[in-house]
Amino acid sequence: MDELIGHGVRGNGAEIPAIGLGTWTLRDDAASRLVAGALEAGYRHIDTATSYENESAVGAGLRASGVARDEIFLTTKVWPTDLAAGDLQRSVEGSLKRLGVDRVDLALIHWPPKTVPLADSIAALNELRSRGLARNIGVSNFTAALVEQAVTLSEHPLACNQVEYHPFLNQDRVMAACRKHGLAFVSYCPLARGTELLRQAPVAEAAARHGRTPAQVVLRWHVQQDGVVAIPRSSDPGRIRENLDVFDFTLSAGEVAAIDALRSRALRICDFDFSPEWDPS
Ligand code: NDP
């Protein structure tokens with residue numbers, strides 16, 4: 001699995017580093033310091049969004065790290081209020097200004113549109129890609145059916161679908177749709193926000209067997225799956241380093257099966273009144 005470090009996960013031509021730093025809730029100077037520290041520790045993938053209100057701080061962190069811009073895979077997302085033609089492009093242009101970069105590596109529709117035709121949002125996203133403001137384009141929180149629609153509507157290939165995924169949630173259907181069309185599957189809330197999941201016996205027992213932490217076991221579980229990327233967030237520089245250090249051990253088939261069985265909990269953390277009708281889990 002060493003190839004994951006260098007090559008990342010392929011999503012229709014994009015090479016996405018298999019572990020990225022999530023930045024939701026990280027703000028201001030702390031966000032800059034954590035992003036710079038993550039890049040210095042070897043991260044090459046940073047995930048932000050307009051709605052996180054931290055793009056200026058993330059941009060400052062990129063510059064402070066001293067890591068060359070073209071070595072970093074930078075993702076941002078467009079909020080549902082900005083998905084109409086014109087609004088979407090202006091949203092990403094604003095992100096570029098705040099981030100202090102001339103393009104992002106991935107621009108995502110943050111949640112499927114409810115008030116604008118999907119075709120309009122996908123066309124606007126494609127225009128950004130044609131203008132070189134986004135090297136890759138993709139979607140987030142799309143169900144299997146929405147992935148099918150988006151793929152059909154998009155002129156340029158879609159690089160990924162970023163969705164909630166952790167051992168407490170079965171996402172087989174949307175994962176199958178992503179694999180069918182070559183999209184990378186980017187897991188958000190990969191640790192199910194921490195404590196409860198990390199205490200579960202199959203996770204804790206595998207951690208003890210491998211001499212790793214429970215978080216490392218869960219992240220290993222993600223990246224061992226074909227086409228899966230994980231973007232854990234931490235406000236602790238030590239944990240940020242720990243979360244990247246998952247490429248030199250392998251979970252056995254039995255360990256994976258025991259962790260998979262935790263999906264019976266059917267826990268969905270990010271569920272809002274604007275969510276799509278989720279795939280059955
Ligand atoms: P995560 O599953 O990444 O959990 C974050 C929590 O886990 C924090 O409380 C953190 O605590 C704890 N944690 C992190 N590392 C460790 C560790 N090694 N040991 C123990 N605890 C740990 O949840 P998020 O919701 O942040 O998801 C990750 C990222 O996904 C977001 O930051 C964002 O970038 C993206 N996202 C995207 C969404 C979308 O709609 N597209 C929705 C939600 C998230 P501490 O800070 O104390 O270390």
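Since this is a predicted model, take the numbers as computed values, not measurements. Both counts, for ligands and for their atoms, begin at 1 and track the order of listing.
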**Q** Tell me the protein heavy atom at minimum distance from atom 3 (O) of ligand 1, and give that distance in Å.
**A**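 Checking every protein heavy atom, the shortest distance to atom 3 (O) of ligand 1 gives Arg233 N, 3.0 Å.
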
**Q** Determine whether more than 12 heavy atoms belonging to other residues, nucleotides or ligands lie under 6.0 Å from atom CZ of Arg241.
**A** no

**Q** Check each atom of ligand 1 against the heavy atoms of Tyr52 and keep those under 4.0 Å away; list them by number with element.
**A** 33 (C), 34 (O), 35 (C), 36 (N), 37 (C), 38 (C)

**Q** Just jot down the ligand 1 atoms closer than 4.0 angstrom to any heavy atom of Ile231, in number order.
**A**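 Near Ile231, meaning under 4.0 Å from one of its heavy atoms, ligand 1 has 28 (C), 29 (C), 30 (O), 35 (C).
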
**Q** Note the single closest protein heavy atom to atom 11 (O) of ligand 1, along with its residue, its atom name and the distance in Å.
**A** Arg239 NH1, 3.5 Å

**Q** Hey, are the side chains of Ile109 and Asn141 touching, using non-hydrogen atoms and a 4.5 Å cut-off?
**A** no

**Q** Distance to 0.1 Å, residue and atom name: give those for the protein heavy atom nearest to atom 48 (O) of ligand 1.
**A** Ser234 OG, 2.6 Å

**Q** For ligand 1, which part of Leu26 has a heavy atom less than 4.0 Å away: the side chain, the backbone, both, or neither?
**A**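 Near ligand 1, Leu26 shows nothing, with every heavy atom at 4.0 Å or more.
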
**Q** For the residue pair His110 and Gln162, confirm or rule out a side-chain donor-acceptor distance under 3.5 Å.
**A** no

**Q** Are Val163 and Ser187 side-chain neighbours, meaning at least one heavy-atom pair lies under 4.5 Å?
**A** no

**Q** Looking at ligand 1, would Asp47 count as a contact under a 4.0 Å heavy-atom criterion?
**A** yes

**Q** As a quick check of understanding, evaluate salt bridge (Lys or Arg N to Asp or Glu O under 4.0 Å) for Asp102 and Lys97, giving each step before the final call.
**A** CA-CA 8 Å; Asp102 51 17; Lys97 274 208 189 88; over 6 Å; no

**Q** Which of the atoms in ligand 1, numbered in the order shown and given with their element, are less than 4.0 Å from a heavy-atom of Ala192?
**A** 2 (O)

**Q** Given that the side chain starts at C-beta and the backbone is N, CA, C, O, which of these parts of Pro190 lies under 4.0 Å from ligand 1, counting heavy atoms, or is it both or neither?
**A**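 Both of them.
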
**Q** At a 4.0 Å threshold, what atoms of ligand 1 neighbour a non-hydrogen atom of Asn141?
**A** 39 (C), 40 (O), 41 (N)

**Q** So that I know where these two stand, are Tyr165 and Phe185 an aromatic pair - ring centroids less than 6.0 Å apart?
**A**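 Judged by ring-centre distance (under 6.0 Å), Tyr165 and Phe185 do meet the cut-off.
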
**Q** Can you tell me which portion of Arg193 lies within the under-4.0 Å heavy-atom range of ligand 1? Options are side chain, backbone, both, or neither.
**A** both

**Q** Within a distance under 4.0 Å of any heavy atom of His110, pick out the atoms of ligand 1 and give their elements.
**A**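 Atoms satisfying the 4.0 Å criterion: 39 (C), 40 (O), 41 (N).
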
**Q** Going only through I, L, V, M, F, W and Y residues with side-chain contacts under 4.5 Å, is there a path from Phe142 to Val116?
**A**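 Cluster IDs for Phe142 and Val116 differ.
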
**Q** Distance under 4.0 Å to a non-hydrogen atom of Ser140: what atoms of ligand 1 satisfy this?
**A**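 By the 4.0 Å cutoff, the relevant atoms are 39 (C), 41 (N).
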
**Q** At a 4.0 Å threshold, what atoms of ligand 1 neighbour a non-hydrogen atom of Ala215?
**A** 17 (C), 18 (N), 19 (N)

**Q** Mind checking whether Leu198 contacts ligand 1 via backbone (N, CA, C, O), side chain (CB onward), both or neither, at a 4.0 Å heavy-atom cut-off?
**A** side chain

**Q** Check whether the ring centres of Trp24 and Tyr188 lie less than 6.0 Å apart, and answer yes or no.
**A**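 Ring centres of Tyr188 and Trp24 not closer than 6.0 Å.
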
**Q** Considering only heavy atoms of Ser235, which atoms of ligand 1 have at least one such atom less than 4.0 Å away?
**A**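 Those qualifying, in numeric order: 45 (P), 46 (O), 47 (O), 48 (O).
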
**Q** With a heavy-atom distance limit of 4.0 Å, tell me whether Asn243 approaches ligand 1 through its side chain, its backbone, both, or neither.
**A**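 It is the side chain that touches ligand 1; the backbone stays farther off.
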
**Q** Please work out, at 4.0 Å between heavy atoms, whether the side chain, the backbone, both, or neither of Cys189 comes within that distance of ligand 1.
**A**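 For Cys189, the contact with ligand 1 is made by both the backbone and the side chain.
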
**Q** Return the set of residues passing side-chain contact (heavy atoms from CB on, under 4.5 Å) with Thr213 (not counting sequence neighbours), or none when no residue passes.
**A** Ala215, Gln216, Glu242

**Q** Identify the two heavy atoms, one from Ser91 and one from Val78, that lie closest to each other, and give their separation to 0.1 Å.
**A** OG-CG1, 3.7 Å

**Q** Determine, for Phe73 and Arg44, whether the Lys NZ or Arg CZ falls below 6.0 Å from the six-membered ring centre while staying within 45 degrees of the axis.
**A** no

**Q** Please confirm whether Leu191 comes within less than 3.5 Å of ligand 1 when only nitrogen or oxygen atoms on both sides are compared.
**A** yes

**Q** Where is the tightest heavy-atom contact between Leu262 and Phe168, given as atom of each residue plus distance?
**A**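 Closest heavy-atom pair between Leu262 and Phe168: O-CD2, 3.5 Å.
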
**Q** Is it the case that ligand 1 has an N or O less than 3.5 angstrom from some N or O of Lys77?
**A** no

**Q** Out of Trp111, Tyr165, Trp24, Tyr188, who is nearest to atom 39 (C) of ligand 1 when you count heavy atoms only?
**A** Tyr188

**Q** Kindly indicate whether the side chain of Val104, heavy atoms from C-beta on, has any atom under 4.5 Å from the side chain of Arg135.
**A** no

